[in-house]
Amino acid sequence: MKFEYLIYLGIILLLGACSNKAIFYDPDQKRSIYFYWDLSKYADNVVPDTIPFSFAIYEGNECEYHIPVKTMGMPVNEDQYFNVEVVQDSTTAELGKHYEFGTLFIPKNEVNGILSLKLKRTEDIVDHPVFLYLRFKENENFRPMEGDHYCLSIIDGKLAAPSWWAPFYFGEYKNDNDKLYLKLLENFWALEDLKPVFYAEKVKEYGRYLENAPATFFQLPGNIIWIKYVFKPAYDFYSDPANTYEGFAMVNPDRFIR
């Protein structure tokens with residue numbers, strides 16, 4: 001009986017504590033802001049310390065780059081700007097030369113936003129990346145999460161590994177596997193003529209360079225188009241001794257069929 005009473009008392013105290021939090025919540029307090037990571041994009045569900053970006057597959061000398069950000073707390077009925085600072089001792093990219101800042105605000109009635117950058121292609125980043133290390137800076141609207149940061153490497157000439165690249169299926173990327181990645185992209189782009197509706201849908205959902213694709217997009221149910229037109233032709237091409245290269249270790253995509 002005493003044990004049941006203690007359980008009952010604990011529940012009452014817990015409910016009281018929750019109630020107190022609701023009562024004392026201050027809607028005018030600063031919201032916390034942090035970089036948002038979609039783990040579904042990463043093959044091992046782990047975000048790398050540095051996010052690679054390469055101009056190698058992009059046309060033109062500039063590219064708009066979006067970094068998702070998110071806030072904690074209640075949304076407000078007005079646009080709210082946030083501040084970002086560059087950590088100089090960890091940054092080699094130069095403002096104005098390698099990058100410029102774009103939009104830096106959370107839209108009204110939203111908890112999600114975009115940190116927009118304009119990245120610039122320059123001769124000095126060919127095969128030699130520069131690094132941009134960012135973190136939030138407290139202002140009148142937001143306070144940063146402790147230890148939160150975003151490190152971006154910017155390079156040209158070499159293709160950066162996509163976040164969905166799984167070494168178990170495609171081989172270690174460092175072993176010249178940018179060739180396989182480019183072949184997959186070429187096959188994907190060919191779908192614009194072969195399967196125009198599918199192609200348009202996937203470009204909208206995943207991006208032209210599959211930069212927004214989730215880690216297992218090629219294994220999702222109904223993936224026969226990916227297998228037949230994108231992955232299997234690339235596998236067959238590089239399985240041919242006349243075309244293969246050292247480090248090619250892609251598994252037969254037939255095992256992806258769902």
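FYI, the numbering just counts along the sequence from 1.
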Do K41 and E211 sit within salt-bridge range, that is, some charged N less than 4.0 Å from a carboxylate O? no

With a 4.0 Å cut-off, would you call K202 and E205 a salt bridge? yes

A side-chain contact here means heavy atoms from C-beta on lying under 4.5 Å apart; do I125 and F55 qualify?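 I125 reaches F55 side chain to side chain.
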
Is the shortest side-chain heavy-atom distance between Y206 and V203 below 4.5 Å?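 They are not in side-chain contact.
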
Does the pair I57 and L185 meet the rule for a side chain to side chain contact (heavy atoms under 4.5 Å, CB included), with working shown? CA-CA 9 Å; I57 52 178; L185 287 177; 3.8 Å; yes

For the pair Y181 and Y173, evaluate side chain to side chain contact (heavy atoms under 4.5 Å, CB included) and give the outcome as yes or no after the intermediate values. CA-CA 9 Å; Y181 176 34; Y173 192 82; 3.6 Å; yes

Only counting residues at least two apart or in another chain, list the ones meeting ring pair (Phe, Tyr, Trp, His ring centres under 6.0 Å) with F131.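 Testing F131 for ring pair (Phe, Tyr, Trp, His ring centres under 6.0 Å), a comparison that skips the adjacent residues, returns none.
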
List for me each residue that meets ring pair (Phe, Tyr, Trp, His ring centres under 6.0 Å) alongside F136, sequence neighbours excluded, and say none if there are none.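 F136: ring pair (Phe, Tyr, Trp, His ring centres under 6.0 Å) contacts with F35, F82.
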
Could you walk me through whether T91 and V130 pass the side chain to side chain contact (heavy atoms under 4.5 Å, CB included) check? CA-CA 8 Å; T91 295; V130 292; over 6 Å; no

Hey, would you say the F231 and Y229 ring centroids sit under 6.0 Å apart? no

Hey, would you say the F168 and F170 ring centroids sit under 6.0 Å apart? no

Of all residues at least two apart in sequence or in a different chain, which pass the side-chain hydrogen bond (donor to acceptor under 3.5 Å, both in side chains) check with [X]?
X	result
E100	K120
Q80	R31, N141
N223	none
Y169	Q219

Would you tabulate the side-chain donor-acceptor contacts of residues 186-200 under 3.5 Å, counting partners in other chains and residues two or more places apart, or write 'none'?
residue : atom : partner : partner atom : Å
N187    : ND2  : K183    : O            : 3.4
N187    : ND2  : V230    : O            : 2.9
W189    : NE1  : R208    : O            : 2.9
Y199    : OH   : R208    : NH1          : 3.1

Donor-acceptor pair, side chain of W164 and main chain of L210, under 3.5 angstrom: yes

Between W37 (side chain) and V46 (backbone), is there a donor-acceptor pair under 3.5 Å?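 Answer holds: no.
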
Please list, one pair per line, the donor and acceptor atoms closer than 3.5 Å that link side chains of residues 59-68 to other protein atoms, with sequence neighbours excluded.
residue : atom : partner : partner atom : Å
E64     : OE2  : H66     : NE2          : 2.9
E64     : OE2  : S116    : OG           : 3.3
Y65     : OH   : Y150    : OH           : 2.6

Should side-chain heavy atoms under 4.5 Å link Ile, Leu, Val, Met, Phe, Trp and Tyr, which residues sit in the same cluster as Y133? V87

Side chain to side chain contact (heavy atoms under 4.5 Å, CB included) between V86 and L95, intermediate numbers included: CA-CA 9 Å; V86 176; L95 178 63; over 6 Å; no

Pair D254-K232, salt bridge (charged side-chain N to carboxylate O under 4.0 Å, His left out): steps then yes or no: CA-CA 7 Å; D254 285 345; K232 193 62 183 291; 3.2 Å; yes

Contact list for residues 141-153, test salt bridge (Lys or Arg N to Asp or Glu O under 4.0 Å), sequence neighbours left out: none

Determine, stepwise, if the pair D156 / H128 fulfils side chain to side chain donor-acceptor pair (under 3.5 Å). CA-CA 8 Å; D156 195 4; H128 297 285; over 6 Å; no

Under 3.5 Å, side-chain donor or acceptor atoms of residues 242-249 against the rest of the protein: list the pairs with distances, not counting sequence neighbours.
residue : atom : partner : partner atom : Å
N243    : ND2  : F237    : O            : 3.2
T244    : OG1  : Y238    : O            : 3.0
Y245    : OH   : N177    : OD1          : 2.2

Show me the donor-acceptor pairs within less than 3.5 Å that the side chains of residues 104-114 make with the rest of the protein, sequence neighbours left out.
residue : atom : partner : partner atom : Å
N109    : ND2  : N77     : OD1          : 3.3
N112    : OD1  : K70     : NZ           : 3.0

